Amino acid sequence: MNRTFVFRRHGIFGRWQQAECRGRRKEATTTYTNGDALDFGASTEGTGTVKTTTSSAPLDRNPTMNKIKLQTQQLAFQHPVTRNFDTQSHSPVHEALLRSGPRLRNLQQVHAHIIVSGLHRSRSLLTKLISLVCTAGSITYARRLFPTVPNPDSFLFDSLLKVTSKFGFSIDTVLFYRRMLFSGAPQSNYTFTSVIKACADLSALRLGKEIHSHVMVCGYGSDMYVQAALIALYAKASDMKVAKKVFDAMPQRTIIAWNSLISGYDQNGLPQESIGLFHLMMESGFQPDSATIVSLLSSCSQLGALDFGCWLHDYADGNGFDLNVVLGTSLINMYTRCGNVSKAREVFDSMKERNVVTWTAMISGYGMHGYVLSACAHSGLIDDGRRVFSSMKEAYGLVPGVEHNVCMVDMFGRAGLLNDAYQFIKKFIPKEPGPAVWTSMLGACRMHRNFDLGVKVAEHVLSVEPENPGHYVMLSNIYALAGRMDRVEMVRNMMTRRRLKKQVGYSTIEINRKTYLFSMGDKSHPQTNTIYRYLDELMCRCSESGYVPAPESLMHDLEEEERDYALRYHSEKLALAFGLLKTNQGETIRIVKNLRICEDCHSAIKHISIIADREIIVRDKFRFHHFKDGSCSCLDYW
DNA sequence: ATAGGGTTAG
């Protein structure tokens, strides 16, 4: 049977995408012949897709090997062969190997040199060659070289596992490990760090657990390197409980183990836990390094915790951490996502090296703050948008994904070009557009009060995703705006019947590096009375200056909070009142909301920015709102 | 004969 397995790693943290960035696009997809099953008798698991196609393995026609044969002949012709079996580091072949570095062209020549020198059975030279070839990005070359090595030993396997896992050829790591088991070469603690890392990159939990049992059997259960790798494995496979268990069982912890766990919490959407663990780490006498800082910056981004983020920036500066691409990009993300674009730009300008991630962070930062999209209502920019979209495919050969389609519909929708949005869906999205696209369309209908189209779209979305409470809320809002209260009631009943609950809305505000959380009608804060009294006072003054509360029909606005509560105790208003009380005149107020800001709050905060004479920045689920002197940076498009 | 590990950005 000629079956070939094609594995394609995807997901944002995928190593193979990184390989593409480094210009190793060719290797982003690798093929495996069917002799190499992935498992050890049990089935495998992973987030990647493993699909089977039928084709013959073209290994014999490998052009690289042909080239080598040719070069070997040429070399033999040009130079008289001097046989030298000396494999010390001074041998000319070995020297050449070290000199060539991870460059494929040079390595091919050295390979030829090895063969003509009769050293093709030297395990040490071949081990080094395979490692370098793999570092140069050619896994196919490495796979071809491996069978030519006589009696592969543990050292060879360890090197292979290390280099393949390091450069993202995770499946090869697993396959070579399997061969290692069959060959009888004993595993070392080095073996396991590489294999576990490969499993982590594949998010292969079951396979990882199997390896974990091998670790225990071989007696490396308390090796700190292996343990750190295991923590990262469980963290990447979203099993934080086991990750913590491994961590707790460590006889002596290392900064790497701390970092693994901290980043694990962060990447599993638990930024509070990640920061809490950091404090614990400091108390245990460990100093954060740049990896710690980077993970914590990401946690700050999630929380919108600017003060803590600034503290981390100062820490990195004060301890002479190098502002490399990773740290710089993390800082840019932290600053934009915590509401300070100009600081982000400062970091961006001071960076020595920038890559596509860095640029994307800066550009999307501007986008979130409305420096790009707020002007979308002008048709000139709509044309720009169209041009950019078509250039994606034509100039860059990129296939538009769901996110790009959503952006286009969103752009048309904001500008009120509902027809264009609809036409775009019909024309550019071949199959069923998917719920995200329709949701965007639905939002546009609501924003521009197009009831007929809105109802039609909502009903369609409901049929596609009957489990998503957001759609019901949106539909009921559209009915409410149209004054069809009977229909509103009907939709609400439908939700109750299907036992669907709306997402709970909350807002956070950071004061003196501490984050405070408010939910609607929240009375848990010790200073609740003061906060409510101050908020009442603020709202009165708003009304005096012309603020009109949103009509009753809007009380259950968007997908958030209970309508039974008065609008004035929405979480963002509570957080704002608290913030005004706790900060000094002239300080900017920053609030983060987990859902979209409601229309009533949006208009109230515009008034409050005048009354309290403050700049107020609210980050909602999608973008930033900068309130100043009675207007908002989103120009009421949101 | 042979070096060496685990953690970090969207």
Side-chain angles (χ1 to χ4, degrees), chain A residues 11-14 17-18 21 85-91 94 97-98 122-129 131 153-156 158-163 165-166 188-198 200-201 215 220 223-233 235-236 243 246-247 250 253-267 274 281 286 288-302 312 316 321-337 347 351 353-365 367-368 403:
Chain A
I12 10 175
F13 301 111
Q17 271 190 336
Q18 230 176 337
C21 293
F85 288 98
D86 179 16
T87 51
Q88 297 296 305
S89 56
H90 326 288
S91 89
H94 198 193
L97 198 48
L98 292 178
S122 159
R123 210 159 49 197
S124 64
L125 280 177
L126 289 175
T127 302
K128 194 136 228 152
L129 180 65
S131 299
D153 59 349
S154 291
F155 179 61
L156 169 62
D158 283 355
S159 310
L160 257 176
L161 298 178
K162 186 179 87 183
V163 81
S165 67
K166 186 170 173 191
S188 71
N189 41 0
Y190 292 98
T191 314
F192 288 117
T193 51
S194 305
V195 186
I196 295 167
K197 179 180 159 46
D201 285 343
V215 167
Y220 294 114
D223 181 283
M224 58 187 187
Y225 291 99
V226 176
Q227 283 173 317
L230 282 170
I231 294 170
L233 162 73
K236 288 210 174 115
V246 176
F247 179 80
M250 285 182 82
R253 289 163 185 172
T254 60
I255 178 75
I256 311 277
W258 284 100
N259 286 350
S260 301
L261 202 61
I262 288 175
S263 92
Y265 281 121
D266 171 66
Q267 292 184 356
S274 129
M281 175 183 128
F286 283 90
D289 65 4
S290 120
T292 327
I293 301 292
V294 166
S295 294
L296 290 168
L297 283 170
S298 163
S299 298
C300 288
S301 307
Q302 288 193 55
L312 291 166
F321 289 1
D322 177 39
L323 186 72
N324 56 27
V325 236
V326 178
L327 181 58
T329 306
S330 306
L331 282 167
I332 291 172
N333 269 314
M334 185 276 289
Y335 278 123
T336 58
R337 297 185 58 190
V347 173
M351 285 170 73
E353 187 199 340
R354 306 179 190 104
N355 62 18
V356 64
V357 186
T358 318
W359 283 92
T360 307
M362 197 63 238
I363 292 168
S364 76
M368 277 189 299
E403 65 273 35

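Quick note: numbers below take in every heavy atom, side chains included, and nothing from hydrogens, waters or symmetry partners. In what follows, chains are A, B, ... by sequence order, proteins preceding strands, each numbered from 1. All values reported here derive from a predicted model rather than from experimental measurement.
- Between B:dT7 and A:Q267, no contact under 4.0 Å exists linking OP1 or OP2 to a side-chain N or O.
- Judged purely by atom type and a 3.5 angstrom limit, A:S188 uses its side chain to pair as donor or acceptor with the backbone of A:T191.
- Between B:dG4 and A:K128, no contact under 4.0 Å exists linking OP1 or OP2 to a side-chain N or O.
- A donor and an acceptor atom never sit less than 3.5 Å apart when one is taken from the side chain of A:D158 and the other from the base of B:dA3.
- Among the heavy atoms of the strands lying under 4.0 Å from A:S263 are primed sugar atoms or P, OP1, OP2 only; no base atom is included.
- Residue-level contact check: A:A232 touches the backbone only, with heavy atoms under 4.0 Å from sugar-phosphate atoms and none from bases.
- Residue contacts shown for A:S330 are limited to sugar-phosphate atoms, with no base heavy atom under 4.0 Å away.
- Across all strands shown, A:T127 has no heavy atoms under 4.0 Å from either base or sugar-phosphate atoms.
- Listed nucleotides B:dG6, B:dG4, B:dT2 differ in distance to A:S188; the shortest reach to its side chain belongs to B:dG4.
- Both thresholds, 5.5 Å between centres and 30° between ring planes, are not jointly met by A:Y225 relative to the base of B:dG6, so the two rings are not stacked.
- Between the side chain of A:T254 and the base of B:dG6, a donor-acceptor pair under 3.5 Å is found.
- Applying the side chain to side chain contact (heavy atoms under 4.5 Å, CB included) criterion to A:V294, with sequence neighbours excluded, gives A:V326, A:L327, A:S330.
- When the side-chain nitrogen and oxygen atoms of A:S298 are compared with OP1 and OP2 of B:dA9, none of them lie within a distance under 4.0 Å.
- Between A:F286 and A:W258, the ring-plane angle classifies as tilted under the 30° and 60° cut-offs.
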